[in-house]
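Only one structure is covered here, and it is reproduced in the block below.
Letters A, B, ... are given to chains in the order of the sequence lines, protein chains preceding strands, and every chain is numbered from 1.
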Protein chains: 2
Amino acid sequence: MDRNDIQQVRRFNRAFTKRIGVLDESYLARGRPFGEARVLFEIGLAGGIGLQALRERLGLDSGYLSRLMRSLEGQGMVELVRDEADARARLARLTETGQAEFEAYDRLSDDAAENLLGSLKDTHRPLLVAAMAEIERLLRTAAVAVALEPADSADARSCLEQYYAELARRFPSGFDPLAVNNFDPAEMTPPKGWFVVARVDSEPVGCGALKRLEDGVGEVKRVWTSPSARGLGVASRIMDRLEAQAVEAGFTILRLDTNGTLKEAQAMYAKRGYREIERYNDNPYAEHWFEKRI
Amino acid sequence: MDRNDIQQVRRFNRAFTKRIGVLDESYLARGRPFGEARVLFEIGLAGGIGLQALRERLGLDSGYLSRLMRSLEGQGMVELVRDEADARARLARLTETGQAEFEAYDRLSDDAAENLLGSLKDTHRPLLVAAMAEIERLLRTAAVAVALEPADSADARSCLEQYYAELARRFPSGFDPLAVNNFDPAEMTPPKGWFVVARVDSEPVGCGALKRLEDGVGEVKRVWTSPSARGLGVASRIMDRLEAQAVEAGFTILRLDTNGTLKEAQAMYAKRGYREIERYNDNPYAEHWFEKRI
DNA sequence: GAGTTTATCTGACTAATGTCAGATAATGGA
DNA sequence: TCCATTATCTGACATTAGTCAGATAAACTC
């Protein structure tokens, strides 16, 4: 690794941490200890959240969080309600006062950011914003992780639902999952099939499936990237993973179908070496069929 | 201010703080509380530092720092010595053990940076480094502040010394301040003259002087930028300040001289509208003379 | 339905951080 | 020389942060 690169990263860290310090101060500017402010802000960001998820996000001890919550409750900022689905768990959400307080923190953060931008010359400001967007994109790209996952896990289901909803929005004729899918998780479960989920910092941002069509032939299905993660190469990473899985499963041919509306998908398939072939299935939404030797 | 820009800055902060967290952990990785580690690291970075400066840099209470120092002293990491110049003050510096410990922290920070870089693809790494360099440059540019200061202050003297040392290095014939300067701070003191210092985060990074030559005519002298701050437009900012001062002092003409070796300076003067004129003084090192109506 | 696991809460701590009002000794002027 | 100022240290606290071992009740498993 280049020594100069490392030094540059460290110089950047130092320069930027100085500014971030200002941002941290906005957490303290309302006379509440940092821990409480963090919790309050996080609940507000999530718009209500289970205690366990909260604990995980902020890395807090359960006893500690319990006390923080009681303190915030005492201040009238949050209320804890039983989770309908699981009476052991509790959900935290902001009261009206809490919401107002959250918004005050939010404004402070905006002010800090605006202050930072305001200190720059007009000609420099767009340069800073662009460089920040670039770094954010690179860091998020590096954080993409694709892994096998049961097709009926909560995250898998949520990805598929978003995928179907998007198809319904984009297909001129709409999209009815039942018409084509009669989705059976068992079909995506080894050894008949596989399902992968892509995550950024444990947040699911995409999915894809591979299924056995016939001997030596697999089919790629349901490759989807969340709008929040487009431009990070998530779909490519998912395809990499599915193709590796296909090799391992002994397939020599991969097929897939797609609708004409999905231009980006077709471009990606072409780029990865998929060639258009004749219709091989009776999917009513499919308009193009592709194949690749692997 | 553009709302999207503000949101981009905040998204970047969030994304980056996640990574910085990793960096913070390297402070904790050696079983010492964060406060102590910070102090140890800062002393090491500065290579020895007065307690007061240390307190200011880290924003610590004097009592608190006193105790942190005693703890680090007890661990054999630092030693406190009386300041020769002021017997009330004390200077902290690392012992040999402390130096080794500092280097261990330094390595941990390097590792964290290397880790960050290592998580990127080879094609992305230079993009990240370049974007970071860009942001660092923009933030430092925005942090440049130029202000009048007595020409005999410690920072002013230190700038001038570095300026002379650089001239000595760059002039083919060397440079002897005494031959030309017989530097008298009084000459740079209102109303006969003015001296400005440029700072980045209170660190002096440049200087410049303005002096009365004759009625209505001022002379710009000793404009210098520290090598650590080149490319930030420091010299331009100094010139801005000096010209504003000249206007206030009622000058209508500004003159200056320079040596042929200092190409960057000549380019800047030309860009600011200075035109070459005949020799107007007997400075033995001067090879070009410039003038501008203001 | 008994035993195990899970989510949260409580009590009892410890360590770290932060604050403030003097105390002490050196410095800098008037 | 006297007095105000400055740099640091000490004592006495208060608050925050963090940990850990049960306790409790609901949920899950067999």
Side-chain angles (χ1 to χ4, degrees), chain A residues 21 24-25 27-43 46 48-75 77-93 150 152-154, chain B residues 21 24-25 27-43 46 48-75 77-93 150 152-154:
Chain A
D24 275 359
E25 273 162 37
Y27 264 131
L28 295 171
R30 298 188 65 78
R32 205 186 315 281
F34 193 76
E36 279 183 20
R38 230 157 56 106
V39 167
L40 176 65
F41 193 77
E42 200 65 33
I43 298 171
I49 183 174
L51 289 189
Q52 186 164 25
L54 191 54
R55 229 160 47 221
E56 197 168 315
R57 269 197 217 186
L58 300 178
L60 296 173
D61 173 86
S62 86
Y64 186 26
L65 178 62
S66 185
R67 268 173 275 264
L68 288 177
M69 292 309 301
R70 203 168 38 239
S71 162
L72 286 169
E73 226 178 354
Q75 295 167 50
M77 295 292 156
V78 305
E79 48 191 9
L80 289 168
V81 297
R82 291 234 156 276
D83 184 340
E84 293 302 314
D86 182 344
R88 290 170 302 178
R90 299 224 281 165
L91 300 174
R93 64 173 182 231
D152 57 354
S153 77
Chain B
D24 275 357
E25 274 162 35
Y27 265 132
L28 295 172
R30 297 188 65 79
R32 206 186 315 281
F34 193 75
E36 280 182 21
R38 232 159 53 106
V39 167
L40 177 64
F41 194 76
E42 200 63 33
I43 298 173
I49 184 175
L51 289 188
Q52 183 162 29
L54 191 55
R55 230 160 45 219
E56 197 169 315
R57 270 198 216 187
L58 299 177
L60 297 172
D61 174 86
S62 87
Y64 188 26
L65 177 63
S66 184
R67 268 173 274 264
L68 288 177
M69 292 309 302
R70 202 167 40 236
S71 163
L72 286 170
E73 227 178 354
Q75 295 167 48
M77 295 293 156
V78 305
E79 48 188 12
L80 289 167
V81 297
R82 290 232 157 276
D83 184 339
E84 294 301 312
D86 182 343
R88 289 170 302 179
R90 299 225 282 163
L91 300 174
R93 63 172 183 231
D152 57 353
S153 79

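For the side-chain hydrogen bond (donor to acceptor under 3.5 Å, both in side chains) criterion with B/Ser71, the lone passing option out of B/Arg67, B/Gln75, B/Glu73 is B/Gln75.
Distance A/Asp83 CG to D/dA26 C1': 12 Å, rounded to the nearest Å. Counting to the nearest Å, the P atom of C/dT6 and the CG atom of A/Leu51 are 18 Å from each other. The nearest whole Å value for the distance from the CD atom in A/Gln52 to the P atom in C/dT5 is 16 Å. The separation between B/Leu68 atom CG and D/dC9 atom P is 11 Å, rounded to whole Å. The CG atom of A/Leu54 sits 11 Å away from the P atom of C/dC9 (whole-angstrom rounding). Put simply, CZ on B/Arg55 is 18 Å from P on C/dT17, counting in whole angstrom units. For the pair A/Glu56 CD and C/dA7 C1', the interatomic distance rounds to 13 Å; values are reported in whole Å. In this structure, the CD atom of B/Glu84 is 14 Å from the C1' atom of C/dA26, given to the nearest Å.
Between C/dT6, D/dT10, D/dT8, one nucleotide has an atom nearer to the side chain of B/Arg70 than all others, and that is D/dT10.
A donor-acceptor contact under 3.5 angstrom links the side-chain atoms of A/Arg88 to the base of C/dT6.
Rounding to the nearest 0.5 Å gives a distance of 14.5 Å between CZ of A/Arg55 and CD of A/Glu42. Of the inter-residue distances, the one linking B/Glu56 atom CD with B/Ile49 atom CD1 reads 9.5 Å to the nearest 0.5 angstrom. Taking CG of B/Leu60 as the start and CZ of B/Arg38 as the end, the distance is 5.5 Å to the nearest 0.5 Å. Going from atom CG of B/Leu40 over to atom CE of B/Met69 covers 9.0 Å, rounded to the nearest 0.5 Å. Atom CG of A/Leu72 and atom CG of A/Leu80 lie 9.5 Å apart (nearest 0.5 Å). To the nearest 0.5 Å, atom CD1 of residue A/Ile43 and atom CG of residue A/Leu51 are 8.0 Å apart.
With a 3.5 Å limit on both pairing distances and Watson-Crick or G-U wobble geometry required, the stems of 3 or more pairs in DNA chain D span C:1-30 with D:1-30.
The main-chain N or O of B/Ala37 is never found under 3.5 Å from a side-chain atom of B/Arg32 such that the two would form a donor-acceptor pair. No side-chain donor-acceptor contact under 3.5 Å links A/Arg90 to the backbone of A/Val81.
Contacts of B/Asp86 with the nucleic acid, taken as non-hydrogen atoms under 4.0 Å apart, involve only primed sugar atoms and P, OP1 or OP2. Note on B/Arg32: nothing from the nucleic acid sits closer than 4.0 angstrom, heavy atoms only.
For D/dC9, one of the phosphate oxygens OP1 or OP2 lies less than 4.0 angstrom from a side-chain nitrogen or oxygen of B/Arg90.
The nearest heavy atom of DNA chain D to A/Glu36 and to A/Arg82 marks one nucleotide each, and the one closer to the 5' end goes with A/Glu36. Nearest-nucleotide mapping onto DNA chain D: of A/Ala87 and B/Leu65, the residue sitting toward the 5' end is B/Leu65.
Atom CZ of B/Arg93 has 12 or fewer neighbouring heavy atoms from other residues, nucleotides or ligands inside a 6.0 Å radius.
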Query raised in the report: Which parts of nucleotides 18-23 of chain C does protein reach within less than 4.0 Å, heavy atoms only, written one letter per nucleotide 5' to 3' as B for base, S for sugar-phosphate only and - for none?
Result: SBB---
